[in-house]
Amino acid sequence: MRNEPFDFETEQGVRLVGRFDLPDAKPRSYALFAHCFTCTKESLAAVRIGRALAAQGIGVMRFDFTGLGQSGGDFADSTFSGSVKDLQAAAAAMRSAGMAPALLIGHSLGGAAVLAAAADLPEVKAIATIGAPFDVAHVKRLFGEDLQTLLEQGEAEVHLGGRPFRIRRAFVDDLATHDQGQRIGGLRRPLLVLHAPTDRTVDIGNAAQIFQAAHHPKSFVSLDDADHLLTRPADSAYAAEVISAWAARYVGSPPPRSAGDPGAVVVEETGEGNFQVEVQAGGVHFLADEPVEVGGMGSGPTPYDLLCAALGACTAMTIRMYARRKELTLRRVRVRVGHTRNKGEIPSDGFMREIVLEGELTGEQRSRLIEIAERCPVHTSLMQGARVSTQEVNRMVPSPGTEDASQHAHDMTTE
């Protein structure tokens with residue numbers, strides 16, 4: 001995947017800073033992502049969903065609203081109406097660049113903003129919201145006791161997410177001018193509402209109101225126990241998978257895997273933590289990482305976990321293939337694989353494999369299945385060794401001092 005800058009200006013001449021998450025091949029369509037209130041384009045949900053959708057062939061543009069992140073302007077001057085105009089300016093810039101958004105995605109108040117902006121964006125074919133409020137005035141609850149000071153003095157410093165923000169009364173007054181129910185009812189576009197029933201910031205009742213106000217086609221997907229900001233990687237990955245699958249009906253299906261390279265696995269850094277990478281394999285994607293004790297975030301399996309998984313998966317499949325061919329009454333196979341490294345031995349790496357065979361099997365059949373396990377292709381590759389050919393294909397220059405960082409981490413995990 002590629003990540004490219006995409007800056008543009010509003011009608012007021014304010015420069016907004018954005019980034020595009022793009023697939024390596026030509027995108028099947030483009031999406032515009034609106035982040036949550038006081039967040040930025042670098043929020044966990046924005047980055048992870050952008051990257052995950054890019055892996056599914058959708059180019060995603062995410063940007064900082066006025067006064068936030070790297071964008072220009074003063075946040076104190078911002079309003080919900082201004083955020084809607086920022087979105088319209090972003091869509092216009094994408095349109096001018098030949099990348100008009102067919103899909104709008106909004107998180108939290110950004111979800112309310114895409115619902116408000118959609119009417120003036122005829123190229124948009126579908127809309128998805130994540131944890132969005134039905135009534136934009138809902139945001140006033142976040143101000144707590146500072147709201148009264150703001151109303152009385154016309155301006156106040158409020159604390160949101162542990163950070164101070166200067167808010168003016170114009171922001172609050174503007175909230176009262178928006179009838180989201182009427183807007184949603186007039187969308188006439190496919191709508192996907194994603195919301196966690198346990199969301200403590202924007203309760204699930206908001207999703208029900210949005211869903212009821214919308215006309216078909218509309219869909220609702222529960223995010224189960226996800227938090228409002230989707231801080232767990234699995235939650236943002238799930239949201240992206242659902243959005244991609246749902247949007248395929250309206251913005252184009254994912255491109256098929258290349259027939260000339262059916263077994264390719266792509267691994268790319270996510271930019272989070274020291275070692276976290278995203279793995280694309282077999283039509284799915286997931287994270288891999290190193291443990292916390294060696295500088296990782298522990299957000300996914302380690303490289304050696306994946307190697308153990310490959311041996312275990314191949315073992316189970318090989319046993320099942322043989323049992324099916326011989327019509328054995330094997331109900332289930334379970335394989336547990338562990339890895340050790342003893343530098344004083346040759347070879348230094350070792351794998352311990354434990355196999356559980358469930359079913360009405362004779363002793364002879366069980367022995368034979370264990371023998372078959374020794375013949376699984378991954379086992380054979382490990383025993384025989386393998387050639388690894390490496391070549392640079394994009395002429396990217398690695399950052400100084402990073403070439404051996406990953407291997408160093410692997411060594412530390414086994415010492």
Side-chain angles (χ1 to χ4, degrees), residues 1-3 5-6 17-22 31-56 58-65 68-71 75 83 103-114 128-133 139 142 159-163 165 192 194-196 198-202 221-244 267-280 284-292 295-301:
M1 290 179 291
R2 297 170 288 142
N3 186 268
F6 188 84
V17 177
R19 295 203 69 84
F20 248 115
D21 294 304
L22 295 165
L32 175 56
F33 188 99
H35 61 68
C36 54
F37 183 53
T38 72
C39 295
T40 71
K41 66 180 184 304
E42 305 301 331
S43 69
L44 292 177
V47 172
R48 289 169 177 165
I49 290 177
R51 292 179 61 87
L53 287 176
Q56 298 293 321
I58 298 176
V60 181
M61 205 281 279
R62 45 189 169 88
F63 71 98
D64 295 327
F65 283 98
L68 293 171
Q70 298 174 304
S71 287
F75 181 75
S83 295
L103 174 65
L104 290 182
I105 307 169
H107 182 202
S108 192
L109 193 63
V114 299
T129 65
I130 305 168
V139 74
L142 303 178
H159 289 78
L160 303 169
R163 294 181 297 160
F165 290 90
L192 172 64
L194 299 102
H195 212 113
T198 56
D199 192 326
R200 296 183 178 180
T201 303
V202 180
V221 173
S222 171
L223 295 178
D224 297 329
D225 61 344
D227 60 43
H228 182 68
L229 295 179
L230 302 186
T231 55
R232 293 185 309 197
D235 294 327
S236 51
Y238 175 70
E241 290 283 359
V242 170
I243 293 171
S244 176
V267 180
E268 185 175 4
E269 291 184 320
T270 65
E272 297 185 36
N274 293 319
F275 306 113
Q276 188 188 79
V277 296
E278 181 182 54
V279 182
Q280 299 175 54
V284 300
H285 58 89
F286 56 90
L287 298 176
D289 204 347
E290 292 288 358
V292 174
M297 298 191 296
S299 59

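Heads up: numbering here begins at 1 and tracks the sequence.
- Residues A239 and L230 approach most closely at CB-CD1, 4.4 Å, considering heavy atoms.
- Closest non-hydrogen pair, C39 versus L68, comes out as O-CD1, 3.5 Å.
- What you find for D235 and D227 is that their closest heavy atoms are OD2-N, 4.4 Å.
- Looking at heavy atoms from C-beta onward, L229 lies out of side-chain contact with S43 at the 4.5 angstrom threshold.
- In this structure, CG on N274 lies 10.0 Å from CD on E269, to the nearest 0.5 angstrom.
- With hydrogens and angles disregarded, no donor-acceptor distance shorter than 3.5 Å links the side chain of S108 to the backbone of G110.
- Between the CD1 atom in I130 and the CZ atom in F33 there is a gap of 5.0 Å [rounded to 0.5 Å].
- The closest side-chain heavy-atom distance from T201 to L142 is below 4.5 Å.
- The shortest side-chain heavy-atom distance between R62 and I49 does not fall under the 4.5 Å cut-off.
- Atom CZ in R19 sits 8.0 Å away from atom CD in Q70 (nearest 0.5 Å).
- Put simply, CD1 on I243 and CG on L103 are 7.0 Å apart, with the number rounded to the nearest 0.5 Å.
- Aromatic ring pairs are classed by plane angle as parallel below 30°, tilted from 30° to 60° and perpendicular above 60°; the pair F75 and F37 is tilted.
- Of the possible donor and acceptor atoms, one in the side chain of R163 sits under 3.5 Å from a partner among the backbone N and O of T38.
- In this structure, CD1 on I105 lies 9.5 Å from CG on L192, to the nearest 0.5 angstrom.
- Between H107 and H228, the ring-plane angle classifies as tilted under the 30° and 60° cut-offs.
- Within the model, atoms CZ of R51 and CG of L22 stand 11.5 Å from one another, a figure rounded to the nearest 0.5 Å.
- Listed here is the closest heavy atom pair of S236 and R48: OG-CD, 3.2 Å.
- Salt bridge absent: D21 and K41 never bring a charged side-chain N and a carboxylate O closer than 4.0 Å.
- With a 4.5 Å cut-off on side-chain heavy atoms, T129 and V114 count as touching.
- Of the possible donor and acceptor atoms, one in the side chain of S71 sits under 3.5 Å from a partner among the backbone N and O of V17.
- V279 and A288 get closest at one heavy-atom pair: CG2-CB, 4.1 Å.
- Closest approach of S299 and D289 over heavy atoms only: OG-OD2, 2.7 Å.
- Considering only heavy atoms from C-beta on, E42 stays 4.5 Å or farther from H35 through its side chain.
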